[in-house]
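Keep in mind that what you see is a predicted model, and the values were worked out from it rather than measured. Reminder, nothing fancy here: chain letters follow the sequence lines and each chain counts from 1.
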Number of protein chains: 4
Amino acid sequence: MTQTQDTARSRTFSWSDPAVNAAELGRRGGLETLRAMISGELPPPPVMRLLDIGRMTVDEGHVTVEMTPQEFHYNPLGSVHGGILSTLLDTAAGCAVHSTLPAGVGYTSLDLNVKFLRPATVGSGLLVCVGTVLQRGRRTALAEARVTDAGARLIAHAMSTCLVFPVNPAP
Amino acid sequence: MTQTQDTARSRTFSWSDPAVNAAELGRRGGLETLRAMISGELPPPPVMRLLDIGRMTVDEGHVTVEMTPQEFHYNPLGSVHGGILSTLLDTAAGCAVHSTLPAGVGYTSLDLNVKFLRPATVGSGLLVCVGTVLQRGRRTALAEARVTDAGARLIAHAMSTCLVFPVNPAP
Amino acid sequence: MTQTQDTARSRTFSWSDPAVNAAELGRRGGLETLRAMISGELPPPPVMRLLDIGRMTVDEGHVTVEMTPQEFHYNPLGSVHGGILSTLLDTAAGCAVHSTLPAGVGYTSLDLNVKFLRPATVGSGLLVCVGTVLQRGRRTALAEARVTDAGARLIAHAMSTCLVFPVNPAP
Amino acid sequence: MTQTQDTARSRTFSWSDPAVNAAELGRRGGLETLRAMISGELPPPPVMRLLDIGRMTVDEGHVTVEMTPQEFHYNPLGSVHGGILSTLLDTAAGCAVHSTLPAGVGYTSLDLNVKFLRPATVGSGLLVCVGTVLQRGRRTALAEARVTDAGARLIAHAMSTCLVFPVNPAP
């Protein structure tokens, strides 16, 4: 591989200390926490900088995240890796659940069931991933997420169950 | 955020034209293709450079990939994002299926069912993900994948069904 | 166990030769086949008699099946067994896919991903299970199904991928 | 349909009051409860009589259930309905988790992810379904289950996550 090729296909990204964010968990309600990330008051999680995930919008029980497919997302088959789509879906589903939690309640994803329906490429245009809470129980919550391309075609779908539980925020 | 902090948490990575790899699909058998990637004859897929996925080893029906958790893999909860673990699992499962395919046969992942069992952090040490084909039919193949940490504890588990089909390699 | 108790909890059901139904596959379109089962022109599949599944309604891409929980559906925990709910969900999802297929095209379920949200008991009233096709591709179709109780509460949810393929009807 | 045909394809089964069984939950450990069902001290759950599920064997973390495919298990495609296979898988997975629980701890299935690999028919011979616990945490447990036919071929596979929680046995 020549130097020129390497230079042409290289990217630098930066992120902030994730401990800042994690320390806030349970201190505020989920919706307030997510809105603080969106406004820039709290730093975005590093993985969003890694993947270059773009705009996020949040309402109670609903989260939208956007990502433009780029070559560095590609698998060996010449399309966006299923794990990158899974990251979008897990983010939207998990944050949708988070948005329903009051202060003092945490969550963790138990699973992620992804269906891949159509490959995404740099030609797909902006990918929009919408997460929605279908059920919110005392101990678990169920969320659905869908990725569509710029032509509103369904690219991938996921279901995720989260465990919800009381947390003691760090002092 | 200060300039100093940004500099301390920044990373540059590079990758190669994914079209080189995709053009090879179907020309050679899967095991031969994967071994050509491992030896460096074919470029690794961009997503492996993005996530800094390390060593891969391959046998027919079995694939191992390794990754050291890093801060840029983190979600807002202070651990490796579930989507990053999903990427490892999808890679190991999909490549395990690929390793069983002769020249002229392609595959695509239909789904990925992930169970998250334990958070992974920079303290987890090297993550090892092993993918294994459980069944290889005429039209589909079923693979399992597991991620364990340096203490051999199960971090995540996945099942994936792939569609297999004849391909005409690009001329 | 006394004779009296046994008599009090006993049920007899009957069914028809399933080969009659299977021989029709691929001869007619899916919607026409399902409507012939509903009208009684074709016999219902034996499993529907086994579980005492009630009314079915069909439109292209949408199927509804109904079942009243009965004691013989119970697991050791004192509620309808998850496998019985899975049977309803698999039926609604699979038949929804079937309803989109023209004559000469068959299908088979590759998977069923069920989420159990709330126990169903004889106190739940009529369970209604609605199956809907989310995507219909050349080689696969994705369907969703939901079971709700008489109070319209979500009891269980499922996703199912079906393989679709050309069939040669029996001569 | 003639009277004669109906008579030829008819079955009567009986079961016991499921409340007897449910009242025992949490009183004894899971392994002891399951062994009491197998020995006949406690009644089998109604669904096992409904489906004519045969022999069950139990060890801590491992459960085997057997079933001979019969015509009344059939779907319209002329094979055992996927929901019947799901019932076997859910039973083996759930009981495997139950077998690890001490007195005073209950469980419920959160999900069931089934992969259908090969149709089962009356020609498949005895189906053997083995459930195994892969991970047993404080709040959840993960189990795997597999159905094989008389020729040891894999018919279906499932993963199931159960929630485990303290119970107060009925007084």
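- Proximity to chain B is limited to the side chain of D/Arg146, based on heavy atoms less than 4.5 angstrom apart.
- Here the straight-line distance linking atom CE of B/Met159 with atom CE of D/Met159 works out to 7.0 Å at 0.5 Å rounding.
- Taken from CG in D/Asp111 to NZ in B/Lys115, the straight-line distance is 3.0 Å, to the nearest 0.5 Å.
- For the atom pair D/Arg118 CZ and B/Gln135 CD, the distance stands at 6.5 Å (nearest 0.5 Å).
- Of the two parts of D/Leu117, the backbone and the side chain both hold a non-hydrogen atom closer than 4.5 Å to a non-hydrogen atom of chain B.
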